[in-house]
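Input: a single structure, listed below in structure tokens.
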Amino acid sequence: LMRVEQYVEMVLQYLRLDSPDHDLAFRSVDVDDCVRQAVRKYARSFIRKKIALDFQETGIETVSDEKWLVFVLEQLLTNASKYTKEGGSVRIGKENGLLVLRDTGIGIRPEDLPRIFEWGYTGYNGRLDKRSTGVGLALVKQVMEMLGNKIEIRSVLGEGTEVFLDLRRTELEAE
């Protein structure tokens, strides 16, 4: 049921991206609160797979749309949970002003990394898993751009993946 709910949510968010106003409400946002919301939603998945979650509060405040930012974090935690083996770990914290999510998952092949944000691209891991849609990271990238933020993903096959979210905004003010 959770997977069905997640796919429905992805479709709804995709449809909202096509609307002229994107349903955006920029305000001052406590990033740690957004992380907690996303973690709560996927806590059962982490517990079921015995994946350790280490969340170090970041103190990051930004101007963003909280709903869309939580959606991005949920997608990233879903991937971390899906591709991290039982007993692995996910760490969330701050590094050089960026929000960083690190997992000890299966990693991404170097030849797949340049294409992970393409619509429908599942790569080697997606074909192995057979549950990948190639939509999650494409949506994440599009939402991050819509919010005026940047995302970078680094990965080492067999060791894990690091996601860097640059949530700094200087040109917008809270409504």
Side-chain angles (χ1 to χ4, degrees), residues 1-14 29-62 64-96 98-109 112-113 116-117 121-144 147 149 151-167:
L1 283 176
M2 186 152 183
R3 190 168 297 128
V4 170
E5 178 184 339
Q6 181 185 4
Y7 289 143
V8 168
E9 180 68 20
M10 280 197 315
V11 168
L12 291 173
Q13 296 295 46
Y14 173 73
V29 174
D30 180 334
V31 173
D32 292 336
D33 286 344
C34 293
V35 170
R36 282 187 210 93
Q37 288 177 54
V39 165
R40 268 193 299 274
K41 185 170 182 178
Y42 291 98
R44 285 187 183 142
S45 175
F46 281 83
I47 292 168
R48 185 174 52 252
K49 288 184 73 177
K50 298 181 177 100
I51 297 172
L53 181 66
D54 177 17
F55 170 46
Q56 299 294 317
E57 293 205 7
T58 66
I60 298 174
E61 293 276 335
T62 190
S64 189
D65 181 286
E66 182 176 343
K67 180 182 71 173
W68 284 104
L69 182 55
V70 170
F71 171 78
V72 165
L73 294 169
E74 288 173 354
Q75 291 301 307
L76 296 173
L77 286 173
T78 296
N79 282 357
S81 172
K82 187 189 314 184
Y83 295 112
T84 299
K85 293 180 182 171
E86 188 170 310
S89 66
V90 173
R91 292 176 46 215
I92 304 169
K94 179 180 171 182
E95 186 175 298
N96 299 322
L98 306 179
L99 180 64
V100 182
L101 291 84
R102 286 187 173 89
D103 67 51
T104 58
I106 62 175
I108 301 167
R109 287 185 166 194
D112 288 336
L113 267 175
I116 59 174
F117 295 119
Y121 186 74
T122 59
Y124 180 78
N125 292 343
R127 287 185 288 282
L128 272 181
D129 182 58
K130 296 184 183 50
R131 293 180 298 165
S132 179
T133 62
V135 172
L137 286 179
L139 275 172
V140 163
K141 178 72 168 179
Q142 191 168 348
V143 169
M144 289 295 287
L147 295 174
N149 300 131
I151 181 171
E152 179 184 348
I153 296 183
R154 300 179 197 155
S155 190
V156 176
L157 193 61
E159 292 183 22
T161 300
E162 299 175 311
V163 180
F164 299 87
L165 300 177
D166 186 345
L167 303 173

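The structure presented is a predicted model; accordingly, all values stated were derived computationally and were not measured.
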More than 12 foreign heavy atoms under 6.0 Å from CG of Asn96: is that the case here? no

Near Lys49 NZ, under 6.0 Å, is it more than 12 heavy atoms from other residues, nucleotides or ligands? yes

Check the pair Val143 / Asp65 against side-chain contact (heavy atoms from CB on, under 4.5 Å), numbers first and verdict last. CA-CA 10 Å; Val143 169; Asp65 181 286; over 6 Å; no

Test side-chain contact (heavy atoms from CB on, under 4.5 Å) on Ile153 and Phe117; report intermediate values, then the result. CA-CA 10 Å; Ile153 296 183; Phe117 295 119; 3.8 Å; yes

State, with a plain yes or no, whether a side-chain heavy atom of [X] is found less than 4.5 Å away from one of [Y].
X: Leu99; Y: Leu73; answer: yes
X: Val90; Y: Phe46; answer: yes
X: Asn79; Y: Val140; answer: no
X: Cys34; Y: Val29; answer: yes
X: Lys141; Y: Leu137; answer: no

Suppose we screen for salt bridge (Lys or Arg N to Asp or Glu O under 4.0 Å). Which residues come up paired with Glu61, at least two apart in sequence or across chains? none

Residue set satisfying salt bridge (Lys or Arg N to Asp or Glu O under 4.0 Å) with Arg36, at least two apart, ordered chain then number -> Asp33, Glu57

What verdict does the side-chain contact (heavy atoms from CB on, under 4.5 Å) test give for Glu95 and Glu162, after you've listed the backbone C-alpha separation in whole Å, the side-chain angles of each residue and the deciding distance to 0.1 Å? CA-CA 12 Å; Glu95 186 175 298; Glu162 299 175 311; 6.0 Å; no

Using modelled atom types only, decide if a donor and an acceptor are shared between the side chain of Thr58 and the backbone of Ile60 within a distance under 3.5 Å. yes

Whether Asp32 side chain and Gly59 backbone form a donor-acceptor pair below 3.5 Å: yes

Grab the two heavy atoms, one from Gln56 and one from Asp54, that are nearest each other, plus how far apart they are. NE2-OD1, 2.7 Å

Output, in order, the C-alpha distance, side-chain angles, deciding distance and verdict of side-chain contact (heavy atoms from CB on, under 4.5 Å) for Ile92 and Val39. CA-CA 10 Å; Ile92 304 169; Val39 165; 4.2 Å; yes

